[in-house]
Structure formats: C-alpha cells, structure tokens
Amino acid sequence: MAYVDQNQSGQKTVSAVISAIVLGAVGYAFVNGLAYDAYKKVATKLNVIDIKTPPPPPPKKPPPPPKDQPKVESPPIVAPPPVVTPPVVAPTIITAPKAPPVIIPQAPVAPSPPPPPKPSEAVGLKPRGNPGDWVTPDDYPPGALRNAEAGVTGFKLEVGADGRVTNCTVTSSSGFPDLDQTACRLLPRRARFSPAKDAAGNGMASVYSSAVRWQIPKD
C-alpha cells in the first residue's frame with residue numbers, strides 16, 4: 001500500500017510541472033503577440049511633425065534714465081595742522097673758573113758780565129800802495145766785455161793783525177755776478193795793509209771797505 005501511494009504522488013508532481021511550462025509558453029506567446037500588434041498600430045498612427053525653432057525674444061528696452069538726484073558735495077579737504085618743531089635750546093655751558101697760575105719762586109740769576117771793551121785803535125788800518133792797482137781794466141772778464149756789462153761792486157775786506165786779507169764780502173752788487181766774483185777773487189791776493197795797532201803798539205784785526213768800478217775800456 002505504501003509503494004502505490006508514493007508512485008501516485010510523483011505522477012502528480014510531474015503533471016504540475018508540465019502544466020506550468022505549458023501555461024508559461026502560452027502566456028509568453030500571448031504577451032508578445034499583443035505587444036507586436038500594439039507596436040504596429042502606434043507606428044501607423046505616428047505623423048512626422050516639423051517643429052520650428054521659436055524666434056528669439058525682442059531685446060529688452062533700456063530702463064529710463066534716473067530722475068535728477070541731488071548732488072552730493074564731497075566734504076572740503078582740511079589740511080593737517082602744521083608740525084610745530086620745538087625750538088632747539090642750546091645747552092648752557094658752565095665754565096669752571098680757572099685756577100690761578102702757581103708761581104714758583106726762582107733763585108735770582110746773576111747777570112752775565114758785560115763783554116770786555118774792544119781795544120781802541122791807536123793807529124788805523126792803512127793800505128799799502130795804490131788801491132786802484134788791485135783791480136785793473138786788464139782784469140775785465142771776457143764774457144762781461146762781450147756783453148758790455150759794467151757797474152760798481154762794493155766790497156768789505158777783513159784784515160788780520162798781520163795786515164793780510166782773510167775774507168772778502170760783496171756788500172753791493174754791480175748787477176752782474178761775473179764782475180762781483182772777479183773782484184772778490186782778486187782782492188784777497190793783491191790788497192796789502194799796514195795793520196791797525198792799539199795803544200801798546202800791538203797789531204789788531206780790522207775791516208776795510210771800498211768799491212771797484214767796472215768800466216769798459218775805450219779803444
């Protein structure tokens with residue numbers, strides 16, 4: 001009994017599956033057929049419509065000018081106040097009083113004794129011979145003759161206690177160095193003197209001053 005019941009149960013299951021498949025196939029065909037008919041009807045009713053692009057809207061009118069408005073005046077420009085520089089006050093310089101100089105007493109210095117007086121000449125200096133022969137026209141420098149140089153050379157001769165000239169100094173120039181140098185070169189060699197003497201008869205150094213006149217000799 002149990003076996004027969006199981007066989008009948010399997011047959012029912014198979015029958016149910018087959019029925020479901022058949023119903024699904026019929027439904028699918030029905031749905032597809034309806035959809036195809038509807039597509040054909042809609043396709044036949046569609047008409048081509050030419051859609052025109054609407055023209056652009058007209059430009060907007062500019063807004064009317066605003067009514068006269070009250071002018072707003074800008075506030076006046078106020079200059080900044082001037083910068084006041086405080087006056088420069090020079091510093092007060094306080095000078096301290098200077099201390100009085102300190103005087104240091106010094107021992108008195110004895111004055112130096114005066115130089116001894118020069119011995120007085122009892123006999124003056126005398127030239128030997130003619131002083132005009134000490135410098136002659138033959139001693140004229142050749143260059144001075146060519147340049148026609150002439151003048152007076154003042155001189156001073158220092159004479160020793162023996163009567164010989166120890167030094168010659170030009171006291172006034174002739175204006176031409178060649179003439180002055182020639183005079184002081186010849187005088188110490190040619191001038192001779194009797195020396196000055198004191199009261200005791202001793203020779204003394206002395207000075208002799210004179211001048212040489214340079215004059216171009218005439219032919």
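Heads up: numbering here begins at 1 and tracks the sequence.
- Of all non-hydrogen atoms in I216 and A148, the two that sit nearest each other are CD1-CA, 3.3 Å.
- Taking CG of L187 as the reference point, atom OG1 of T169 lies at 11.0 Å (rounded to 0.5 Å).
- A pairwise comparison of heavy atoms in G163 and P195 identifies N-CB, 3.8 Å as the closest pair.
- S174 is listed as a side-chain neighbour of L179, based on a closest heavy-atom distance under 4.5 Å.
- Ring geometry for F193 against Y208 counts as tilted: the plane angle lies between 30° and 60°, on a 0 to 90° scale.
- To the nearest 0.5 Å, atoms NZ (K156) and SG (C184) are separated by 10.5 Å.
- Atoms CH2 and CZ, from W134 and R192 in turn, are 9.5 Å apart once rounded to the nearest 0.5 Å.
- Judged purely by atom type and a 3.5 angstrom limit, N147 has no side-chain atom pairing as donor or acceptor with the backbone of E149.
- Looking only at side-chain heavy atoms (C-beta outward), T166 and P188 stay at 4.5 Å or farther from each other.
- Minimum interatomic distance between P141 and T182 (heavy atoms only, all atoms of both residues): CG-OG1, 3.5 Å.
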Go through the steps for E158 and V165 under the test side chain to side chain contact (heavy atoms under 4.5 Å, CB included), then give the verdict. CA-CA 6 Å; E158 297 176 11; V165 178; over 6 Å; no
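- Following chains of ILVMFWY side-chain contacts shorter than 4.5 Å, one can reach V212 starting from L145, so the two form part of one hydrophobic cluster.
- A single hydrophobic cluster is not seen to contain both V207 and V170; linkage of ILVMFWY side chains at heavy-atom distances under 4.5 Å, directly or through other members, places them apart.
- In this structure, D139 does not pair ionically with R185, as no charged nitrogen and carboxylate oxygen lie closer than 4.0 Å.
- Across all their heavy atoms, L157 and A191 have their closest contact at CD1-CB, 4.1 Å.
- Between P217 and Y140 the shortest heavy-atom distance is CD-CD1, 4.2 Å.
- One distance of note links SG of C168 with CD of Q181; it measures 11.5 Å at 0.5 Å rounding.
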Given side chain to side chain contact (heavy atoms under 4.5 Å, CB included), test S210 with F155 step by step and report yes or no. CA-CA 6 Å; S210 186; F155 65 89; 3.4 Å; yes
Yes or no on side chain to side chain contact (heavy atoms under 4.5 Å, CB included) for T153 and W214, after CA distance, side-chain angles and deciding distance? CA-CA 8 Å; T153 302; W214 295 96; 3.3 Å; yes
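- For R213, the CZ atom counts as loosely surrounded, since its 6.0 Å shell holds 12 or fewer non-hydrogen atoms of other residues, nucleotides or ligands.
- Going from atom NZ of K126 over to atom CZ of R128 covers 12.0 Å, rounded to the nearest 0.5 Å.
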